[in-house]
Amino acid sequence: MNMKKVILTMLSVGLYFGLQSCGEQALDPAMVQAKVDSLAAIKMQEIQAKATQECETRMATELKSMTDSMVNAAQMANAAQ
């Protein structure tokens, strides 16, 4: 889903620059590419930060669940002895 946002953002930027160039001097393609690259890099950093946060949250939750399960199993084994 995040990749869709990146693609839509890039298409929006392209459309924006395309409309801006109507009736005006055409923009330098290198300048347009630099702007698109800049926006894409920012978006990718945001996506990467969000993915990292979600991964860390998931790992903490799953680790706690596994740890609790192992502790309970050990307690039950000790109680049975």
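Sequence positions, counted from 1, serve as the residue numbers for this chain.
- The structure places CE of M76 at 11.5 Å from CG of N78, a figure rounded to the nearest 0.5 Å.
- Heavy atoms from other residues, nucleotides or ligands lying under 6.0 Å from CD of E46 number more than 12.
- No path of Ile, Leu, Val, Met, Phe, Trp and Tyr side chains, each step under 4.5 Å between heavy atoms, connects V36 with I42, placing them in separate hydrophobic clusters.
- Atom OG of S38 and atom NZ of K43 lie 12.5 Å apart (nearest 0.5 Å).
- Using a distance-only test at 3.5 Å, with no hydrogens or angles considered, a donor-acceptor pair links the side chain of T61 to the main chain of T57.
- A donor-acceptor pair is defined here as one N or O able to donate and one able to accept, closer than 3.5 Å; such a pair exists between the side chain of T67 and the backbone of L63.
- Atom-to-atom distance recorded for M66:CE and S69:OG is 9.0 Å, nearest 0.5 angstrom.
- By the 4.0 Å N-to-carboxylate-O rule, E62 lies close enough to R58 to be salt-bridged with it.
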